Amino acid sequence: MACTSTPTLESILHNRSTDHYREFAAFVQETFCTENLSFWLAIQHYLDLCHRLGYGSLESLDDAIVLSKNNALFRFTVHERGIIDNKAFAEIQGACHAILYNHIRPNSPQEINIPCEMRQEILHLVQEDGNYHPAVFAAATESVVELMRANSFIPWTQRNQRSSFSSVRSNDDQALSVFRKMKRSLFGGSSTSTLVRPYLSAPSTPRSSGDSLRWSPWRKLQPR
């Protein structure tokens, strides 16, 4: 990867126009772990849809927004559907049920791996109580992010680290190859050890009167 450091999972998910997100999404697809990312994206779409009604931060089922119509409180329940436009409420209701159908119900097309108690609570709140508040999915969203971190994000970062290490090794190998070619060009294929060997020691006696002793530059002086 081009960047020297990998951002956090949260920063990748919230910056979906970046190369990091595209590479991470491709890895999720390759490893057949799409249900977690698909659920998270569906929740973001649902939050954006609810945001059109003007809410700020709805982190609890007790949170509500005040609509301009008679200053009425709206908590995204079926009992308050008359407070907002019927078309808007139907859109919210449909998006919520789509999340149930695709991710929450047992044996759903992209069922997420959440505790049974959490699954049953979500189904009860929506199907029995008619509650479409975004906070209905808050605990499941947190759980899925942690699953995505363990099952996809950490393996993805580890693969990138191995790839970066292999790239460094490849560059080192290329540099070593260039060095060897230069050495062969300079020394005519002779190895360094061959060139140095005649100077490692001196002969015990001259072979002829014209010979002279050749001493190693690092020959130790003998004690007198």
Side-chain angles (χ1 to χ4, degrees), residues 8-17 21-65 67 73-156:
T8 64
L9 173 60
E10 287 76 9
S11 66
I12 288 176
L13 293 176
H14 289 287
N15 293 277
R16 298 192 288 278
S17 62
Y21 174 80
R22 286 187 286 271
E23 292 171 9
F24 176 67
F27 178 81
V28 168
Q29 185 76 28
E30 293 170 9
T31 53
F32 305 100
C33 296
T34 58
E35 70 280 355
N36 293 326
L37 181 57
S38 178
F39 172 75
W40 189 88
L41 292 172
I43 294 299
Q44 302 313 302
H45 170 73
Y46 189 63
L47 291 173
D48 291 341
L49 181 61
C50 295
H51 183 71
R52 298 176 193 172
L53 296 176
Y55 82 90
S57 177
L58 293 175
E59 300 177 354
S60 168
L61 292 175
D62 295 329
D63 294 339
I65 62 172
L67 300 177
L73 287 176
F74 180 62
R75 295 185 177 86
F76 294 89
T77 68
V78 69
H79 309 293
E80 303 160 325
R81 64 184 308 160
I83 297 177
I84 65 172
D85 179 74
N86 287 335
K87 183 178 179 180
F89 189 85
E91 192 174 1
I92 291 172
Q93 189 178 40
C96 187
H97 280 284
I99 294 174
L100 296 189
Y101 176 81
N102 289 316
H103 303 285
I104 304 298
R105 295 192 314 171
N107 301 316
S108 53
Q110 289 192 307
E111 180 182 352
I112 56 174
N113 184 16
I114 56 176
C116 181
E117 297 79 5
M118 186 184 296
R119 188 185 311 278
Q120 293 303 319
E121 182 181 6
I122 294 173
L123 292 173
H124 178 81
L125 285 171
V126 177
Q127 296 178 335
E128 302 297 329
D129 296 345
N131 193 332
Y132 304 106
H133 196 291
V136 165
F137 300 108
T141 303
E142 292 179 5
S143 179
V144 162
V145 168
E146 293 310 311
L147 283 173
M148 203 169 2
R149 192 187 315 280
N151 297 336
S152 299
F153 180 71
I154 292 176
W156 176 66

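Model, not experiment: these values are computed from the prediction.
The ring pair (Phe, Tyr, Trp, His ring centres under 6.0 Å) test with W40 is passed by exactly one of H103, H14, H45: H14.
Here the side chains of K87 and E91 are not in contact, with every heavy-atom distance at 4.5 Å or above. Counting only heavy atoms from C-beta outward, the side chains of L9 and F24 approach each other to under 4.5 Å. In this structure, the side chains of P109 and Y101 come closer than 4.5 Å at one or more pairs of heavy atoms.
From I112, atom CD1 reaches atom CD1 of I104 across 4.0 Å, with rounding to the nearest 0.5 Å. Going from atom SG of C96 over to atom CG of L125 covers 9.5 Å, rounded to the nearest 0.5 Å. Note that the OH atom of Y132 and the CZ atom of R81 stand 7.5 Å from one another [nearest 0.5 Å]. Taking CZ of F153 as the start and CG of L13 as the end, the distance is 9.0 Å to the nearest 0.5 Å. I43 contributes atom CD1, which lies 4.5 Å from atom OG1 of T141 (distance to the nearest 0.5 angstrom). One finds the CZ atom of R105 at 11.5 Å from the CZ atom of R119 (value rounded to the nearest 0.5 Å).
With a 6.0 Å radius and a threshold of 12 heavy atoms from other residues, nucleotides or ligands, E121 has its CD atom at or below the threshold. Counting heavy-atom neighbours within 6.0 Å of E10 CD, excluding the residue itself, gives a total above 12.
The main-chain N or O of D63 is found under 3.5 Å from a side-chain atom of H133 such that the two form a donor-acceptor pair. At least one donor-acceptor pair under 3.5 Å links the side chain of E111 to the backbone N or O of N107. Using modelled atom types, one side-chain atom of E80 and one backbone atom of R75 make a donor-acceptor pair closer than 3.5 Å. No donor-acceptor distance shorter than 3.5 angstrom exists from the side chain of S38 to the backbone of T34, with no hydrogens or angles considered.
Here the closest heavy-atom approach between residue S60 and residue A135 is recorded as C-CB, 3.8 Å. Contact detail for F137 and I122: the closest heavy-atom pair is CE2-CG2, 3.7 Å. Across I99 and Y46, no two heavy atoms sit closer than the pair CD1-CB, 3.9 Å. Shortest non-hydrogen contact noted between N36 and V144 is O-CG1, 3.5 Å. The shortest non-hydrogen separation linking S108 to L100 is CB-O, 4.5 Å. The minimum heavy-atom distance between I84 and F74, with the atom names listed, is CD1-CZ, 3.9 Å.
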key: Trace of the side chain to side chain contact (heavy atoms under 4.5 Å, CB included) decision for I92 with L49   = CA-CA 7 Å; I92 291 172; L49 181 61; 4.2 Å; yes

inquiry  = Set out, in order, the CA-CA distance, both residues' side-chain angles and the distance that settles side chain to side chain contact (heavy atoms under 4.5 Å, CB included) for L37 and M148, then state yes or no.
reply    = CA-CA 7 Å; L37 181 57; M148 203 169 2; 4.0 Å; yes

request  = Could you please spell out the steps behind the side chain to side chain contact (heavy atoms under 4.5 Å, CB included) verdict for I114 and F39?
outcome  = CA-CA 12 Å; I114 56 176; F39 172 75; over 6 Å; no

request  = Go through the steps for E146 and E142 under the test side chain to side chain contact (heavy atoms under 4.5 Å, CB included), then give the verdict.
outcome  = CA-CA 7 Å; E146 293 310 311; E142 292 179 5; 6.0 Å; no

